[in-house]
Amino acid sequence: MRLTDEGLKDRQGWLDHGYTLPQYDRERMRQATLATPRWIHFGAGNIFRAYQTRLMQKLIEAGEVSEGLIAAEAYDDEIVDGMLNPHDDLNILVTLKASGSVEKTVIGSLAAALKLDPASADFTTLRNLFIQPSLQLASFTITEKGYRVRDEKGQILPEIAAEFERGPQAALSYIGKVAALLSARYQNGALPIALVSMDNCSHNGEKLKQAMVTMAEGWTRAGKMEAGFLDYVQDEGQVSFPWTMIDKITPRPDPAIEALLKQDGVEDVSPIITARHTYIAPFVNAEECEYLVVEDRFPNGRPLLEKAGVMFADRQTVEQVERMKVSTCLNPVHTGLAVFGCLLGFTKISAEMKDPDLKRLAERIGRVEGLPVVTNPGILAPEQFLDEVLTLRIPNPFMPDTPQRIATDTSQKLGVRFGETVKAYLKEGRPLSDLKAIPLVYAGWLRYLLGIDDQGQPMPLSPDPLLDTLQPLLEGITLGQTCPPLTGVRVILKNSAIFGLDLEAAGLIERVEALLTAMLQGPGAVRQTLHEQLD
């Protein structure tokens, strides 16, 4: 069994092993897509192959569209040359359910995978596709870094400034190459289009728009483009930038899934690690739960993706769903489990939900402390979303996610994931004494920064841009201290850039310090403090 068009001709062999196959003529789909493209996607990684391609497959099989998707990859050419094209752009989606069952679906809706490289013939193909009147949207999963055109001080990055002088024909950055394609669409009739960021970051549409406007402004000032292009990019009746909230976990290829497919007789399914350290395989293992909420602003129309499960709403609703996820129902639970999971020696986030203390922590963060102040977006009930997080998503033993990975960049996450809840309590006049889990997480994070686990052994810390700033403030603090020096701790806790507010002014600082002191009493003190505070 080979994952190619030729290999799929043995349909019965695949069906006998429990695979769901595309129910349409792929060659006809390819021809329709190249003749009248509707949707181009930038970023051919795991989330795209597990989610967006499956959405389009649903629409094709339902008879709603004839066209599939076109993928454009700029970050890592090996995804295209080494994985997608050798398999005729087919992909196996392996859905891992918390019940222990596995669904195996061959996805065939990708009509073409092309390299976003001006030196490649693919770029000419992409340009010709991008200027077609039929094209309705270009979407993105290129990570938040892909939209970066300015530094932390708001200054244009040197490589972007250099790109202004070279003009669209010599663009080198990801966003510059996309802007060059958009400039071609402008020069060929100023045709309308929606540019849709589907990256997992707040206000993603605004980030994409700012990047595109920056490129247009730079080229205009440098005399490389006429002023009309900037007007075109800024006119949301012509070029829209819908906000979205996406939520689906697609980890690296799992060796257990590779073994399962090989046992079925599927050939050539081993993952590769590219020169750019991308982990890619002919399959994607993904969780069963998924959400995509999209602001409904498409000046050239759009596929009827609501028939495949996508939720469309106004911008305010999208933002409310995103805040519900990030500030209450998912991300805070993840961060709390990550901090204590590292301290207590866990290596899988799912295993933590079998620990009574950690399960109580997760439940309290979400159900007890978060839900009372969450804003209900109306289209997705917070209680339902949280229930899936706590009963299906995090406990799913098939999802090989680790507390160590989730603990990355915690200093950048605390303000949004917990600070918003604290501020809501203050605004609504709720007693802060009702908050037990959130101060525990704050104290646990400070204890984590010492790099010593609950058994008193050295523990590697996950990457964080503030480690070099924070750790010196904790010097002199060791296990076994009855009265640890907390001057530096207080400096950290008053930092509103980290927590979203000054915890001393909020009235929480003494409680966090007391919890940290309790966790420092010796080996096992983290576990004891966690148990006592949540009992």
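Values in this document were obtained by computation on a predicted structure and should not be read as measured data. By convention here, the first residue in the shown sequence is residue 1.
Looking at Ser134, its side chain does come within 3.5 Å of a backbone N or O of Pro37 through a donor-acceptor pair. Judged by distance alone, with hydrogens and angles left aside, the side-chain atoms of Trp243 form no donor-acceptor pair with the main-chain N or O of Gln316 at under 3.5 Å. Of the possible donor and acceptor atoms, none in the side chain of Tyr279 sits under 3.5 Å from a partner among the backbone N and O of Thr274. A donor-acceptor pair is defined here as one N or O able to donate and one able to accept, closer than 3.5 Å; such a pair exists between the side chain of Asn188 and the backbone of Ala184. Judged purely by atom type and a 3.5 angstrom limit, Lys248 uses its side chain to pair as donor or acceptor with the backbone of Glu287.
Checked against salt bridge (charged side-chain N to carboxylate O under 4.0 Å, His left out), Lys104 has the following partners two or more places apart in sequence or in another chain: Asp264. For Tyr186, the ring pair (Phe, Tyr, Trp, His ring centres under 6.0 Å) test picks out Phe229, Tyr232, with sequence neighbours left out.
Taking the charged nitrogens against the carboxylate oxygens, Asp16 and Arg11 have no contact shorter than 4.0 Å, which rules out a salt bridge. Here Glu267 pairs with Arg2 in a salt bridge; the nearest charged N to carboxylate O distance falls below 4.0 Å. Between Lys209 and Glu236 a salt bridge is recorded (basic side-chain N to carboxylate O distance below 4.0 Å). Using a 4.0 Å cut-off between charged nitrogen and carboxylate oxygen, Lys307 and Glu64 count as a salt-bridge pair. The existence of a salt bridge linking Arg30 and Asp5 is confirmed by a sub-4.0 Å separation between a basic side-chain nitrogen and an acidic carboxylate oxygen. In summary, Glu103 and Lys97 engage in a salt bridge, as defined by a charged side-chain N under 4.0 Å from a carboxylate O.
In terms of heavy-atom proximity, Ser270 sits nearest to Met83 at O-CE, 4.3 Å. Looking at every heavy atom in both residues, Val269 comes nearest to Leu261 through CG2-CB, 4.3 Å.
Taking CD of Glu73 as the reference point, atom CD1 of Ile79 lies at 4.0 Å (rounded to 0.5 Å). Note: Ser462 OG to Gln404 CD = 6.0 Å, rounded to the nearest 0.5 Å. Atom-to-atom distance recorded for Leu126:CG and Leu114:CG is 4.5 Å, nearest 0.5 angstrom.
Side-chain polar atoms of Glu322 and Ser202 form a donor-acceptor pair below 3.5 angstrom. Side-chain atoms of Thr141 and His41 include a donor-acceptor pair closer than 3.5 Å. Neither side chain, Thr410 nor Asp464, offers a donor N or O lying under 3.5 Å from an acceptor on the other. In this model, a donor atom of one side chain and an acceptor atom of the other lie less than 3.5 Å apart for Glu319 and His203. Residues Asn200 and Lys325 bring a donor and an acceptor atom of their side chains to less than 3.5 Å of each other. If you check the side chains of Tyr19 and Thr105, you find no donor sitting under 3.5 Å from an acceptor. Under 3.5 Å, the side chains of Asp122 and Thr125 contain no donor-acceptor pair of N or O atoms.
In this structure the side chain of Thr402 never reaches within 4.5 angstrom of the side chain of Ile349, judged on heavy atoms. Looking at Leu3 and Phe283, their side chains never come closer than 4.5 Å, going by heavy atoms from C-beta outward. Residues Glu159 and Leu172 have side chains not in contact (no heavy-atom distance under 4.5 Å, counting atoms from C-beta outward). Within the 4.5 Å cutoff, the side chain of Glu67 has no heavy atoms near those of the Met29 side chain.
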Mind running salt bridge (charged side-chain N to carboxylate O under 4.0 Å, His left out) on Lys348 and Asp401 for me, showing each step along the way?
CA-CA 6 Å; Lys348 288 189 74 170; Asp401 217 346; over 6 Å; no
As a quick check of understanding, evaluate salt bridge (charged side-chain N to carboxylate O under 4.0 Å, His left out) for Glu78 and Arg276, giving each step before the final call.
CA-CA 9 Å; Glu78 286 186 71; Arg276 303 209 67 171; over 6 Å; no
After noting the C-alpha distance and the side-chain angles of Lys145 and Asp199, does the key distance pass the salt bridge (charged side-chain N to carboxylate O under 4.0 Å, His left out) rule?
CA-CA 10 Å; Lys145 294 177 183 177; Asp199 275 298; over 6 Å; no
Using the rule given for salt bridge (charged side-chain N to carboxylate O under 4.0 Å, His left out), can you reason through Lys177 versus Asp117, listing the C-alpha separation, both sets of side-chain angles and the distance that settles it, and then say yes or no?
CA-CA 8 Å; Lys177 294 171 188 175; Asp117 179 1; 5.3 Å; no
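Here the two rings, on Tyr291 and Phe385, have centers that are under 6.0 Å apart.
Annotation: Arg315, atom CZ; neighbour count of heavy atoms from other residues, nucleotides and ligands within 6.0 Å is above 12. Annotation for Arg28: atom CZ does not count as buried by contact number, only 12 or fewer foreign heavy atoms lying within 6.0 Å. Residue Glu27 qualifies as enclosed at atom CD: its count of foreign heavy atoms under 6.0 Å is above 12.
Cation-pi geometry between Arg302 and Phe312 is met: under 6.0 angstrom from the ring centre, within 45 degrees of the axis.
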